[in-house]
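Below, read A as the first sequence line, B as the second, and so on, with proteins coming before strands; counting in each chain starts at 1.
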Protein chains: 2
Amino acid sequence: MKVTQQEIAQHEPDLSSAAALIGEPTRATILTALMTGLALPAGELAELAGVSPQTASMHLQKLLENNMVSVETQGRHRYYRLENSDVAVALEALMVIAPTQPKKRQLPNQDMCYARTCYDHLAGWLGVLLCQTMLENNWITQQHLEFTPTELGKNKLASLGIQPSQARACLDWTERRHHIGGELGRNITTYLLEQKWVVRHTSSRALRVTEKGILGLRDVFGMRL
Amino acid sequence: MKVTQQEIAQHEPDLSSAAALIGEPTRATILTALMTGLALPAGELAELAGVSPQTASMHLQKLLENNMVSVETQGRHRYYRLENSDVAVALEALMVIAPTQPKKRQLPNQDMCYARTCYDHLAGWLGVLLCQTMLENNWITQQHLEFTPTELGKNKLASLGIQPSQARACLDWTERRHHIGGELGRNITTYLLEQKWVVRHTSSRALRVTEKGILGLRDVFGMRL
DNA sequence: AAAACGTTTCAAGTTTGATCGAAACAAAAT
DNA sequence: ATTTTGTTTCGATCAAACTTGAAACGTTTT
């Protein structure tokens, strides 16, 4: 046995173990799926990742042991979700530096780039456009990594029943641009889903804008889709 | 061959490959060392990680291919550094969720928790304390993830020859609290090093406060060490 | 010109850990 | 009660990749 780097870095966070956990393709797929914020049962995650239930179970156990996910048992189902938002933040940060798949430059799943949720707020092309529209219409102002609703924005949002909270600027990994995260991002996404302006694709993070949504987003937010 | 998760996530950033790159212990040690912002030669990184030069060379090549580090050749030396701050951000985000080494709960290297640099700005206990002191003394104000120098702070900093820039709040993984990052963080750290109030430990990210520094930090910044 | 040094390339050996069949377990459905 | 379904545990297999010795390459020193 030789002197390992563990001894050198004994007192630090075990960076490699955390990264290795995410670095296995099956687990990465599982974690990516859980970034919707949804809790998904083991079997569904197995199918999603294209592995057998045994394999997925093993991976989920490892994720569980390392506090990356938590589990809730309901009957014979076990629902897994991300442990906390720190995990989501780390995943997003990794996505920023991750290479995009080189092959198939045309977008195989246009929906996914079009609209999706980032942990719990709206991301993708739709999220970025919404963010820009709100900036252009002066509903919010941006100070570096922070969005603040203006008086106009507060009134508009409140009239829709959306709490005009502060928002964090969240970097998007398909658009490489900012969208609205934080509490406000969550509130808006909740509103859009409640109004059925966007609906979730089955077992995916992708969102679809409904016909009602196209009208609503245009009339209320002033978005040109 | 079976259907792999690559096909499902084809259009997305290759999360797993980026994470796997960091997930190998030797590479993680190398990357952690480079988080000082320093450029280090291959041989030194090999010794630091406790592996042979060949091994380190192979790992560095992989990091290079994936744009995690960049290299600069000087004579027979090749100096490696982190490619950009996005990489440092991802590493920090991982450290937040990484488990700290369970064995040896007492801190084996107190210096490392005491003071160190986070990529290029001051972190650790000293960084957090400095940040708090500046907030208490009303040199800066905090809006969520952003620090802004006050008029008082601008004057104080300018009189020291420190550019009173904006600052990003950066989460520290030993203290789990914010410290001053961004441009201002860099400026302050440069100042402290120039004044020799803090000095770098040899081949480590840890910093040591000099006797001159204890006086200086007390008299100028009002810090109680 | 020769030797020393830092680094990379090549070609092994070796280990880690992902995978799945088989089986066990638990809850729900029949 | 029996069957079906969702999940986990066990054991064996296998592939990916980390590791180092040997050697090659380029630069600096003597």
Side-chain angles (χ1 to χ4, degrees), chain A residues 1-6 8 14-31 33-34 39-66 68-81 203, chain B residues 1-6 8 14-31 33-34 39-66 68-81 203:
Chain A
M1 298 298 109
K2 64 171 175 27
V3 177
T4 63
Q5 45 274 83
Q6 266 80 304
I8 296 173
D14 189 358
L15 181 61
S16 70
S17 78
L21 220 56
I22 306 172
E24 203 285 318
T26 299
R27 286 194 292 263
T29 305
I30 289 174
L31 290 169
L34 294 178
L40 298 174
E44 199 162 319
L45 290 169
E47 189 178 13
L48 211 117
V51 294
S52 64
Q54 309 96 291
T55 304
S57 177
M58 185 269 292
H59 286 305
L60 287 166
Q61 185 188 313
K62 289 193 175 180
L63 292 172
L64 209 52
E65 284 169 357
N66 289 76
M68 306 262 310
V69 303
S70 59
V71 69
E72 196 175 336
T73 303
Q74 267 176 35
R76 55 186 169 185
H77 295 267
R78 303 193 76 196
Y79 289 89
Y80 290 87
R81 68 173 72 238
S203 59
Chain B
M1 297 301 109
K2 62 171 176 28
V3 177
T4 63
Q5 45 274 83
Q6 267 80 306
I8 296 174
D14 189 359
L15 181 62
S16 70
S17 77
L21 219 55
I22 306 171
E24 204 284 319
T26 299
R27 285 194 293 262
T29 305
I30 289 174
L31 290 169
L34 293 178
L40 297 174
E44 199 162 318
L45 290 169
E47 190 178 12
L48 212 119
V51 294
S52 64
Q54 309 96 290
T55 304
S57 176
M58 185 270 291
H59 286 306
L60 287 167
Q61 187 188 314
K62 290 194 176 181
L63 292 172
L64 209 50
E65 284 168 358
N66 289 77
M68 306 263 310
V69 302
S70 59
V71 70
E72 196 175 337
T73 302
Q74 268 177 33
R76 55 187 170 189
H77 295 267
R78 302 195 77 197
Y79 289 91
Y80 291 89
R81 68 172 71 237
S203 62

Can a donor-acceptor pair be found between the side chains of A:Thr55 and A:Ser52 at a distance below 3.5 Å? yes
Should A:Arg78 be listed as having a side-chain N or O under 4.0 Å from OP1 or OP2 of D:dG6? no
Using a 4.0 Å heavy-atom cut-off across all strands, classify A:Tyr79 as base, sugar-phosphate, or nothing. nothing
Distance in angstrom units between A:Met58 CE and C:dA24 P, rounded: 21 Å
Which whole-number value in Å describes the distance from B:Leu64 CG to C:dT7 C1'? 13 Å
Residue A:His59, side-chain atoms from C-beta onward, closest of C:dA18, D:dT8, D:dC18: C:dA18
So, does A:Thr26 get its side chain near the phosphate of C:dA18, meaning an N or O under 4.0 Å from OP1 or OP2? no
Between CG on residue B:Leu21 and NE2 on residue B:His59, distance to nearest 0.5 Å: 10.0 Å
Given D:dT19, C:dA18, D:dC18, which nucleotide is nearest the side-chain atoms of B:Lys62? D:dC18
Got a list of protein N/O to nucleotides 26-30 of chain D N/O distances below 3.5 Å?
from, atom 1, to, atom 2, distance (Å)
D:dT27, O2, B:Arg76, NH1, 3.4

Close side-chain approach of B:Val69 and B:Ile30, heavy atoms under 4.5 Å: no
Given the options A:Thr26, A:Thr29, A:Leu45, A:Val51 meets side chain to side chain contact (heavy atoms under 4.5 Å, CB included) only with A:Thr26
From CD of B:Glu24 over to P of C:dT15, roughly how many Å is that when rounded to an integer? 16 Å
B:Leu40 has an atom CG; how far is it from atom C1' of C:dT7, in whole Å? 15 Å
CG of B:Leu60 versus P of D:dT19: gap in Å, rounded? 12 Å
